[in-house]
**Student:** 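The following block contains the structure, expressed as structure tokens.
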There are 2 protein chains.
Amino acid sequence: MKLSTKGRYGLRAVLDLAVNYGQGQVSIRAIADRQKISEYYLEQLFKKLRKAGIVQSIRGAHGGYVLNRSPDEITAYEIIRILGETIEISECIEATTCSNIDSCATRPLWIRIKQSIDAVLKTTTLQDMVDDYKKITISKDGGQDE
Amino acid sequence: MKLSTKGRYGLRAVLDLAVNYGQGQVSIRAIADRQKISEYYLEQLFKKLRKAGIVQSIRGAHGGYVLNRSPDEITAYEIIRILGETIEISECIEATTCSNIDSCATRPLWIRIKQSIDAVLKTTTLQDMVDDYKKITISKDGGQDE
DNA sequence: TTTAATGTTGACAAAATTAGTCTGATTTCT
DNA sequence: AGAAATCAGACTAATTTTGTCAACATTAAA
């Protein structure tokens with residue numbers, strides 16, 4: 001059970017924007033370079049984020065992307081959902097009834113797991129993650145720039 | 001993000017044994033019929049469970065499988081792990097350091113999610129699940145047999 | 001107004017993983 | 001001996017994920 005790269009790469013990319021929030025747009029190429037993710041692949045992810053209103057695109061020369069809201073108003077939950085990740089574990093969670101009555105012995109467990117995952121995602125904002133990250137890098141060494 | 005069938009089918013199969021605990025062995029065919037899972041596929045899963053000591057096999061005619069411990073001493077966590085599910089979300093959780101320093105901005109989140117999933121799985125025994133299941137079926141109607 | 005950089009879109013291909021099947025052997029009970 | 005079950009491992013099929021590409025549209029700077 002693993003989150004797909006959609007969720008993992010996408011969150012890293014958005015976090016890149018969050019770090020640069022307030023300092024103008026960031027191009028996909030810059031993110032691709034820093035995060036070591038294919039430029040083409042990132043485009044796919046940003047398409048979804050833009051349609052959902054998380055980011056705003058600035059086209060033309062020296063264009064790029066900007067967060068549409070402040071990082072402390074965007075949760076990890078939103079990003080993950082928009083990118084199309086399903087934290088379902090099993091299909092029967094969304095359905096109101098199981099097709100297979102026997103399989104329902106496991107259903108309450110899947111539901112509790114989903115709830116616990118959602119709780120973590122919903123209470124974590126991009127700002128929280130940026131803060132955590134800065135704390136780590138600063139404690140490692142003086143906080144380098146490049 | 002979904003648990004693979006290994007985990008979902010496997011847990012259902014073991015639960016079938018838990019329901020019949022104390023009443024002798026259960027054959028793979030009987031479980032396959034009840035749970036609507038391929039007999040061949042189940043064999044693969046029971047192979048792992050046997051090697052890990054969760055179940056005991058009784059070979060020959062009228063053979064089958066039996067739980068090796070009481071259902072309230074076996075957690076969902078054990079079953080899931082033995083069947084080879086990795087609740088890792090991202091590779092970097094097991095590793096002591098991330099190869100990509102930038103990606104680490106997401107790492108604390110993945111770790112917290114993993115911990116919350118593990119907490120649910122570790123505190124749920126097979127007996128808990130059987131009890132939940134019985135409660136549901138009884139409340140639906142008088143508790144049918146077939 | 002031209003040009004260059006960038007975003008936009010949809011289709012496609014490669015790779016990896018998961019799911020499932022099959023064959024044949026062994027064991028045990030009747 | 002024969003039937004019914006597990007045991008073992010190889011193999012294939014299907015699906016999903018991941019990544020690439022080409023053509024086009026838009027914008028900003030020169």
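In the text below, chain A, chain B and the rest are named by the order of the sequence lines, each starting its count at 1.
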**Student:** Given atom CG of B:Leu45 and atom P of D:dA8, what is their separation to the nearest angstrom?
**Tutor:** 15 Å
**Student:** So, is B:Ser38 close to the C:dT21 phosphate, meaning a side-chain N or O under 4.0 Å from OP1 or OP2?
**Tutor:** yes
**Student:** Looking only at atom types and distance, does a side-chain atom of B:Glu85 sit under 3.5 Å from a main-chain N or O of B:Ser4, one as donor and one as acceptor?
**Tutor:** yes
**Student:** Contact list please: residues 55-62 of chain B against DNA chain C, heavy atoms, distance less than 4.0 Å, in numerical order.
**Tutor:** B:Arg59, B:Gly60, B:Ala61
**Student:** With a 4.0 Å cutoff (strictly under), does any side-chain N or O of B:Ser4 reach OP1 or OP2 of C:dT18?
**Tutor:** no
**Student:** Would you check, one step at a time, whether the test salt bridge (Lys or Arg N to Asp or Glu O under 4.0 Å) holds for B:Asp118 with B:Lys114?
**Tutor:** CA-CA 6 Å; B:Asp118 285 353; B:Lys114 176 172 166 46; 3.0 Å; yes
**Student:** How close do A:Val66 and A:Leu17 get, heavy atom to heavy atom, and via which atoms?
**Tutor:** C-CD1, 4.4 Å
**Student:** Looking only at heavy atoms, which two atoms of A:Gly10 and A:Leu83 are closest? And how far apart?
**Tutor:** CA-CD1, 3.6 Å
**Student:** Rounded to whole Å, please give me the gap between NZ in B:Lys6 and C1' in D:dT15.
**Tutor:** 14 Å
**Student:** Could you tell me the separation between the CD atom of B:Glu39 and the C1' atom of C:dT21, rounded to a whole number of Å?
**Tutor:** 12 Å
**Student:** Does the side chain of B:Ile74 reach to within under 4.5 Å of the side chain of B:Thr125, using non-hydrogen atoms?
**Tutor:** no
**Student:** Between P on D:dG9 and NZ on B:Lys48, what's the gap in Å once rounded to a whole number?
**Tutor:** 13 Å
**Student:** Would you kindly give the CD1-to-C1' distance between A:Ile28 and C:dA5, to the nearest whole Å?
**Tutor:** 13 Å
**Student:** Quick one: is B:Tyr41 getting a side-chain N or O under 4.0 Å of the C:dT18 phosphate, OP1 or OP2?
**Tutor:** no
**Student:** How does protein contact run along nucleotides 9-16 of chain C, one letter per nucleotide 5' to 3', with B for base contact, S for sugar-phosphate only, - for none, heavy atoms under 4.0 Å?
**Tutor:** BBB-----
**Student:** Could you check how far CG of B:Leu3 sits from P of C:dT17, rounded to whole Å?
**Tutor:** 17 Å
**Student:** Look at A:Tyr65 and C:dT6 and indicate whether a side-chain polar atom (N or O) is within less than 4.0 Å of OP1 or OP2.
**Tutor:** no
**Student:** Kindly say whether B:Ser57 contributes a backbone atom to a donor-acceptor pair with the side chain of B:Gln25 at under 3.5 angstrom?
**Tutor:** no
**Student:** Take B:Val26 and B:Lys2, find for each the nucleotide of DNA chain D with the closest heavy atom, and name the residue whose nucleotide sits nearer the 5' end.
**Tutor:** B:Val26
**Student:** Is there a side-chain contact between A:Ser27 and the phosphate of C:dT6, meaning an N or O under 4.0 Å from OP1 or OP2?
**Tutor:** no
